[in-house]
Participant: 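The structure under discussion is supplied below as structure tokens; questions concerning it will follow.
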Amino acid sequence: MKYTDDVLKKVQEVELSILDDFIKICEENNLKYFTVSGTGLGAIRHKGMIPWDDDIDVGMLRKDYEKFVEIANKEYADKYDIVTAGMYPDCTIFNAHWSKKGTAFRDRNALNVTYPTGIFLDIFPFDNIADDDKAMHKQGKRAWTWQKLMIMSLNPKPVLHFGKVKNALITAVSYIAHFGLKILGFTPEKCYQKAMKYLRMYDDVETKRIGFFCGTQPFTTIHARSDLDPLEEVEFNGRKMYMPNNMREVLTNLYGDYMQLPPVEKRYNHAPEIVKFKDED
């Protein structure tokens, strides 16, 4: 599916309204948050959402993330659902979708899931990660692998977006892994617990780095703890947000000249198969 301009604008408006509620909770409860990836890029280059983008990503330290989930479930349950692995048996995302009730946003991966799939804010929990590089890579690879095994244990045929040959190879491996995990007794719940064990193995250690390991790749979302002290205030579609104080360095490492707009054919978003707004049937 591709967006029409009016549908994309409406999705962005709903997401910004969710962001406002998120910021309100954080400010009222002294919770630290910060922009992640494209949201930081949008804040610097566009002073808000990237015009063709359709999601907002924020990060939180694990303790603030858990406090946010607790407050949101208690005080905003009439308006939003929290969706993350461990809360729903067929959910494999290790960040949270703070999903607006009465809306729908389903891509090909979510057409048949049982959990709520409204328009959402992406919230990423950042865990303490090892200071030693070798230990950090061991931690990240194991957490990332167990998350991928959890996906395979649920679904032998994942939705893929590569070429035909690569899709066929990955599908074959997924089938083998799916049935192998069943034979060995590795349920989705066991895979989830294994992943969480490695994600949170330094909960009680004040490490110098924090990270989110369960993305597309395990080592692309890492920050020094000092990147968050202090955070930098930025404008975002007429409201203030906060980002890591080295965000420009991060973006340069990721994109080079990040102020240069990409060509039209490389302006990606996550246009869903199904999108509905609250005022629709």
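For this chain, numbers begin at 1 and follow the sequence in order.
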Participant: Any chance you could measure M196, atom CE, to D203, atom CG, to the nearest 0.5 Å?
Facilitator: 8.0 Å
Participant: Do R209 and D133 sit within salt-bridge range, that is, some charged N less than 4.0 Å from a carboxylate O?
Facilitator: yes
Participant: Side chains of N269 and Y3 only: does a donor on one sit below 3.5 Å from an acceptor on the other?
Facilitator: no
Participant: Could you grab the distance from atom CG of L31 to atom CD of E66, nearest 0.5 Å is fine?
Facilitator: 12.0 Å
Participant: Check whether N128 reaches the backbone of Y202 with its side chain - one donor and one acceptor, N or O, closer than 3.5 Å.
Facilitator: yes
Participant: Would a single hydrophobic cluster contain both I129 and F219, if residues Ile, Leu, Val, Met, Phe, Trp and Tyr are joined by side-chain heavy-atom contacts under 4.5 Å?
Facilitator: yes
Participant: Can you tell me how far the CD1 atom of I18 sits from the CD1 atom of I23, to the nearest 0.5 Å?
Facilitator: 12.0 Å
Participant: Quick one: do V83 and C91 satisfy side chain to side chain contact (heavy atoms under 4.5 Å, CB included)? Show the steps, please.
Facilitator: CA-CA 8 Å; V83 178; C91 182; 3.8 Å; yes
Participant: Using the ring-ring contact (aromatic ring centres under 6.0 Å, His included) definition, which of the options F120, F22, Y88, F105 pairs with H97?
Facilitator: F120
Participant: With side chains defined as the heavy atoms from C-beta onward, is the minimum distance between L251 and M259 less than 4.5 Å?
Facilitator: no
Participant: Mind checking whether K10 and V275 have side chains closer than 4.5 Å, heavy atoms only?
Facilitator: no
Participant: Thinking salt bridges, do R248 and E232 make one under a 4.0 Å N-O criterion?
Facilitator: yes
Participant: Crowded around D257 CG? As in, over 12 foreign heavy atoms under 6.0 Å?
Facilitator: yes
Participant: Taking I274 as the starting point, is it possible to reach F277 by hopping between hydrophobic residues whose side chains are less than 4.5 Å apart?
Facilitator: no
Participant: How far does OG1 of T117 sit from CG of N112, to the nearest 0.5 angstrom?
Facilitator: 10.5 Å
Participant: Taking atom OG of S226 and atom CG of N246, what is their separation to the nearest 0.5 Å?
Facilitator: 7.5 Å
Participant: If we check ring-ring contact (aromatic ring centres under 6.0 Å, His included) with F94, which of these qualifies: F213, F212, W146, Y192?
Facilitator: Y192
Participant: For the NZ atom on K67, are there more than 12 heavy atoms of other groups (residues, nucleotides or ligands in this structure) within a distance under 6.0 Å?
Facilitator: no
Participant: Counting distance only, does the side-chain N/O of T84 pair as donor-acceptor with the main-chain N or O of I93 below 3.5 Å?
Facilitator: yes
Participant: Check step by step if side chain to side chain contact (heavy atoms under 4.5 Å, CB included) holds for L228 and I210.
Facilitator: CA-CA 10 Å; L228 311 184; I210 56 170; 3.4 Å; yes
Participant: Between R239 and E27, does at least one N-O distance fall below 4.0 Å, as a salt bridge requires?
Facilitator: no
Participant: Under a 4.5 Å cut-off applied to non-hydrogen side-chain atoms, are R108 and E273 in contact?
Facilitator: yes
Participant: Is Y268 linked to V11 within one hydrophobic cluster, defined over Ile, Leu, Val, Met, Phe, Trp and Tyr using a side-chain heavy-atom separation of less than 4.5 Å?
Facilitator: no
Participant: With side chains defined as the heavy atoms from C-beta onward, is the minimum distance between F186 and L149 less than 4.5 Å?
Facilitator: no
Participant: Report the C-alpha distance between S17 and K100 in whole Å, list the side-chain angles of each, state the deciding distance to 0.1 Å, and finish with yes or no for side chain to side chain contact (heavy atoms under 4.5 Å, CB included).
Facilitator: CA-CA 10 Å; S17 73; K100 191 163 188 177; 3.6 Å; yes
Participant: May I ask you to check whether over 12 heavy atoms, not counting those of K101, lie within 6.0 Å of atom NZ?
Facilitator: yes
Participant: Please determine if K24 and E28 form a salt bridge, counting it only when a charged side-chain N lies under 4.0 Å from a carboxylate O.
Facilitator: yes
Participant: Between Q139 and A130, is there a donor-acceptor pair closer than 3.5 Å when you use the side chain of the first and the backbone of the second?
Facilitator: yes
Participant: What distance separates T103 OG1 from K276 NZ, expressed to the nearest 0.5 Å?
Facilitator: 11.0 Å
Participant: Does L199 belong to the same Ile/Leu/Val/Met/Phe/Trp/Tyr cluster as W144, with side-chain heavy atoms less than 4.5 Å apart forming each link?
Facilitator: no
Participant: List the steps and the verdict of side chain to side chain contact (heavy atoms under 4.5 Å, CB included) for T35 and Y242.
Facilitator: CA-CA 6 Å; T35 62; Y242 294 95; over 6 Å; no
Participant: If the test is ring-ring contact (aromatic ring centres under 6.0 Å, His included), which one of Y65, F236, F124, F126 qualifies with F34?
Facilitator: F126
Participant: Any donor and acceptor pair, going by atom type alone, linking the side chain of N245 with main-chain N or O of D227 inside 3.5 Å?
Facilitator: yes
